[in-house]
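Worksheet: the structure to be examined is printed underneath.
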Amino acid sequence: MQVLITLILVLGFVSPCLCARWNLEETHDNNTFNVVQYGARGDGKSDDTQAFLTAWNNVCGAQGDATLVIPPNLLFLVNNLIFQGPCKASRITIQVYIWIQYINNLTLDGRNIGKIDGYGSTWWECKSCPRPRAIAIHACNDLFVTSMRVTDSAGGHISINGCKNATFSHLFVDAPGTSPNTDGFDISASQNILIKDSVISTGDDCIAVNGGSSYINATRLYCGPGHGISVGSLGRGRSYETVEEVHVYNCTFTNTTNGARIKTYPGGSGYARKITFEQINLINVTYPIIIDQHYGVKDETESAVRVSDVTYRGFNGTAFRDIAIKLLCSSLGCSNIVLDDIHIVSSRAGKRVGAFCQNLHGTIESTTPKVHC
Ligand SMILES: *[C@@H]1O[C@H](CO)[C@@H](O)[C@H](O)[C@H]1NC(C)=O
Ligand SMILES: *[C@@H]1O[C@H](CO)[C@@H](O)[C@H](O)[C@H]1NC(C)=O
Ligand SMILES: *[C@@H]1O[C@H](CO)[C@@H](O)[C@H](O)[C@H]1NC(C)=O
Ligand SMILES: *[C@@H]1O[C@H](CO)[C@@H](O)[C@H](O)[C@H]1NC(C)=O
Ligand SMILES: *[C@@H]1O[C@H](CO)[C@@H](O)[C@H](O)[C@H]1NC(C)=O
Ligand SMILES: *[C@@H]1O[C@H](CO)[C@@H](O)[C@H](O)[C@H]1NC(C)=O
Ligand SMILES: *[C@@H]1O[C@H](CO)[C@@H](O)[C@H](O)[C@H]1NC(C)=O
């Protein structure tokens, strides 16, 4: 079977924030190669594959560091595009936001690419700008992404929406801890997604698992700085949302504001269930274990996204704040929550940590600090 791969590279977001960044001066450096200079039209109709390949060959054959520039505000269509190495250039950067959609069976192997750089810092101060993601993947099945560095996205780094069976391995995702809303991975409406053997340092969630997602695994990840691995937030604007079968195994959180987090808005409906966080190492995490069913709003309401069948097992390490385990369920209650083999102490000398919980039902064994519900 012949598989046609269509990559749609888009930077069609009109934003005042970006203009300054993309002046042409910058693209006339010796080792900077702009696909437009090689004939790419970016009109959303022409096939720009040849121009991309020619630009790539120049980047690849350059001496020293080289950058491939795919400019904004244009829509490129490319087919069966493979950036082939090995390259002469010592380090290659691709300056681009990538949007991939409706593709089956695609492998993205970044070994020949130094990094995908969003150059997002100029966007970060602009709260009202619609910020693009460095890599947006929509409706792709059997996807394999490996060995890539994705850095300084304007918004979230990698978003996965409507995909089935995707594996991400050996990714290095990084942005400053102070950069706003720069999630590492945002997953929504997707099934059978595995993220493994990767390092994620950002200013927001390392991974956010959003509505419509199930069978999401994360393993052997180093997360931090950032906001931890989150299920949700779910139920915003009274919506019905579901997440189930999320398994986080053998991950390390360093200097994150949260570790294992589930967050739901009051007034929503649906469920977050069958979630496990196991073999978790904590280094100075502000809130290592947290369920927050009052996310965004303090008020109690008559409905909530139901949280059930959640297991936390094998947590070791240190917490920065006094409340290391914070389980705030709505008045409807969380059910079958299991805490087992948990040993969390303070990262501050001479301090103790405690736990706080509300409307929680389940079993708690071998857990320090003690949790009384
Ligand atoms: C996926 O790609 C592999 C390797 O190129 C090929 O052998 C396989 O048939 C493809 N599968 C589908 C469903 O297209
Ligand atoms: C999932 O995708 C991988 C390629 O990343 C492929 O090898 C595997 O067969 C796919 N599994 C299913 C169940 O389609
Ligand atoms: C995901 O995690 C679950 C629970 O640990 C495991 O049974 C399943 O095999 C994992 N799936 C993948 C694709 O790693
Ligand atoms: C956890 O992952 C590390 C690598 O990050 C590996 O060396 C270790 O064996 C794994 N431990 C478990 C219990 O799987
Ligand atoms: C945690 O953050 C503090 C303060 O920013 C920093 O000094 C420390 O090196 C970080 N720890 C690790 C292990 O990265
Ligand atoms: C956590 O610490 C306990 C006691 O120090 C140790 O027995 C256990 O193996 C550790 N678990 C992990 C996952 O590091
Ligand atoms: C722990 O985290 C806090 C808050 O992020 C930070 O201020 C402090 O420097 C960190 N401590 C260490 C020992 O890294």
Rounded to the nearest 0.5 angstrom, the CZ-CG distance for Phe315 and Asp341 is 10.5 Å
Practice task
Could you tell me whether the side chain of Thr256 and the main chain of Asn258 form a donor-acceptor pair under 3.5 Å?
Solution key: yes
Margin query: Between Ser269 and Ser303, is there a side-chain donor-acceptor contact under 3.5 Å, judged purely by atom types and distance?
Written below: no
Output for pair (Ser233 OG, Asn210 CG), nearest 0.5 Å, gives 6.5 Å
Is there a path from Ile116 to Leu143 through hydrophobic residues (I, L, V, M, F, W, Y) whose side chains come within less than 4.5 Å of each other? yes
From the list Leu327, Leu328, Ile291, side-chain contact (heavy atoms from CB on, under 4.5 Å) partner of Gln358 resolves to Leu328
Check: With distance as the sole criterion, is a donor-acceptor pair present between the side chains of Thr264 and Gln293 under 3.5 Å?
Finding: yes
Requested in this report: Please check if the side chain of Ser198 supplies one atom and the backbone of Lys196 the other of a donor-acceptor pair under 3.5 Å.
Outcome: yes
Looking only at heavy atoms, the pair that brings Arg131 and Ala154 closest together is NH1-O, 2.9 Å
For this session: Verify, without hydrogens or angle tests, whether Ser190 (side chain) and Ile187 (backbone) share a donor-acceptor contact under 3.5 angstrom.
Result: no
query = Would you say the side chain of Ile137 lies within less than 4.5 Å of the side chain of Phe168, judging by non-hydrogen atoms?
reply = yes
Minimal heavy-atom distance between Ala55 and Phe33, with the atoms involved, is O-CB, 4.3 Å
Worksheet item: Considering only the SG atoms, does Cys223 lie under 2.5 Å from Cys251?
Response: no
* Does atom OH of Tyr38 have more than 12 heavy-atom neighbours from other groups under 6.0 Å away? -> yes
Quick check: are the SG atoms of Cys60 and Cys87 less than 2.5 Å apart? yes
Nearest heavy-atom approach of Cys206 to Ile229 is CB-CG1, 4.5 Å
task: Say whether Val371 and Val310 are linked into one hydrophobic cluster, either directly or through other cluster members, by side-chain heavy-atom distances under 4.5 angstrom.
output: yes
Worksheet item: Is the closest basic N to carboxylate O distance between Asp340 and Arg313 below 4.0 Å?
Response: yes
Discussion item. Within the 3.5 Å criterion, strictly below it, is a donor on Thr182 or Asp204 matched to an acceptor on the partner's side chain?
Written reply: no
If the plane angle is over 60° it's perpendicular, under 30° parallel, otherwise tilted; pick one for Phe277 and Tyr312. parallel
Nearest heavy-atom approach of Leu234 to Glu241 is CA-OE1, 3.3 Å
Checklist entry - Do Leu108 and Phe185 belong together in a cluster built from hydrophobic side chains that touch within less than 4.5 Å? => result yes
Got Thr219 and Leu194 here, is their nearest side-chain heavy-atom distance under 4.5 Å? yes
**Polar side-chain atom of Ser230 near backbone of Ala208 as donor-acceptor pair, under 3.5 Å** = no
Are the side chains of Thr276 and Val338 in contact, using a 4.5 Å heavy-atom criterion? no
Residues pairing under salt bridge (Lys or Arg N to Asp or Glu O under 4.0 Å) where one sits in residues 223-234, two or more places apart or in two chains, turn out to be none
Rounding to 0.5 Å, atoms CZ (Arg261) and NE2 (His227) come to a distance of 7.0 Å
All heavy atoms of Pro369 vs all of Val353, minimum pair found to be CB-O, 3.4 Å
(Q) Please determine whether side-chain contact (heavy atoms from CB on, under 4.5 Å) holds for the pair Asp205 and Lys263, giving the CA-CA distance in whole Å, both sets of side-chain angles, and the decisive distance to 0.1 Å. (A) CA-CA 12 Å; Asp205 292 332; Lys263 46 179 174 169; 3.6 Å; yes
Here the gap from Asn192 atom CG to Lys164 atom NZ, rounded to the nearest 0.5 Å, amounts to 9.0 Å
* To do: Decide yes or no on side-chain contact (heavy atoms from CB on, under 4.5 Å) for Asn57 and Thr54, but give the supporting numbers first.
  => CA-CA 5 Å; Asn57 287 338; Thr54 313; 5.6 Å; no
- Task: Would you tell me whether Ser46 and Asp43 have side-chain atoms, one donor and one acceptor, within less than 3.5 Å of each other?
- Result: yes
*Linking I/L/V/M/F/W/Y whenever any side-chain heavy atoms sit under 4.5 Å apart, do Ile364 and Ile342 land together?*
yes
For Ser159 and Asp186, does a side-chain donor sit closer than 3.5 Å to a side-chain acceptor? no
Gln50 meets the side-chain hydrogen bond (donor to acceptor under 3.5 Å, both in side chains) criterion, sequence neighbours left out, with none
Exercise. Carefully, step by step, assess Asn141 and Asn105 under the rule side-chain contact (heavy atoms from CB on, under 4.5 Å).
Key: CA-CA 6 Å; Asn141 301 320; Asn105 211 10; over 6 Å; no
One should read off an interatomic distance between Thr67 OG1 and Asp117 CG, to the nearest 0.5 angstrom, of 8.5 Å
Self-check item: Heavy-atom check, side chain of Arg348 versus side chain of Asp322, under 4.5 Å
Solution: yes
Of all heavy-atom pairs linking Asn161 and Ala189, the shortest is ND2-CB, 4.0 Å
- Message: Under a 3.5 Å distance rule, please check whether Ser239 uses its side chain to pair with a backbone N or O of Gly237 as donor and acceptor.
- Response: no
I'd like to know if Ile262 and Ile290 are part of one continuous hydrophobic network [Ile/Leu/Val/Met/Phe/Trp/Tyr, side-chain heavy atoms within less than 4.5 Å].
no
To the nearest 0.5 Å, atom CG of Leu282 lies from atom NE2 of His343 at 11.5 Å
Is there a side-chain contact between Asn217 and Tyr249, using heavy atoms and a 4.5 Å cut-off? no
**Cys334 backbone acceptor or donor facing His361 side chain under 3.5 Å** = no
Does the distance from Cys357 SG to Cys373 SG come in under 2.5 Å?
yes
Self-check item: Row check, Tyr287 ring normal vs Lys326 NZ/CZ: under 6.0 Å, within 45°
Solution: yes
Run the side-chain contact (heavy atoms from CB on, under 4.5 Å) test on Leu171 and Asp197 for me, step by step, so that the C-alpha distance in whole Å, both residues' side-chain angles and the decisive distance to 0.1 Å come before the verdict. CA-CA 7 Å; Leu171 296 201; Asp197 301 307; over 6 Å; no
Within a 6.0 Å radius of atom OH on Tyr222, are there more than 12 heavy atoms belonging to other residues, nucleotides or ligands? no
Check: Taking the side chain from Trp124 and the backbone from Ser153, do they hold a donor-acceptor pair closer than 3.5 Å?
Finding: yes
ask   = Is the shortest distance from a Lys or Arg side-chain nitrogen in Lys115 or Asp152 to a carboxylate oxygen in the other one below 4.0 Å?
value = no
Quiz prompt | Non-hydrogen side-chain atoms of Leu332 and Asn359 separated by less than 4.5 Å | solution = no
Residues pairing under salt bridge (Lys or Arg N to Asp or Glu O under 4.0 Å) where one sits in residues 90-100, two or more places apart or in two chains, turn out to be Asp65-Arg91
- Are any side-chain N or O atoms of Asp48 and backbone N or O atoms of Gly42, one a donor and one an acceptor, separated by less than 3.5 Å? yes
Is there a side-chain contact between Asn165 and Gln191 (heavy atoms, below 4.5 Å)?
no
Are more than 12 heavy atoms from other residues, nucleotides or ligands located less than 6.0 Å from atom CZ of Arg149? yes
In the structure I gave you, are the side-chain heavy atoms of Ile280 and Val248 within less than 4.5 Å of one another anywhere?
yes
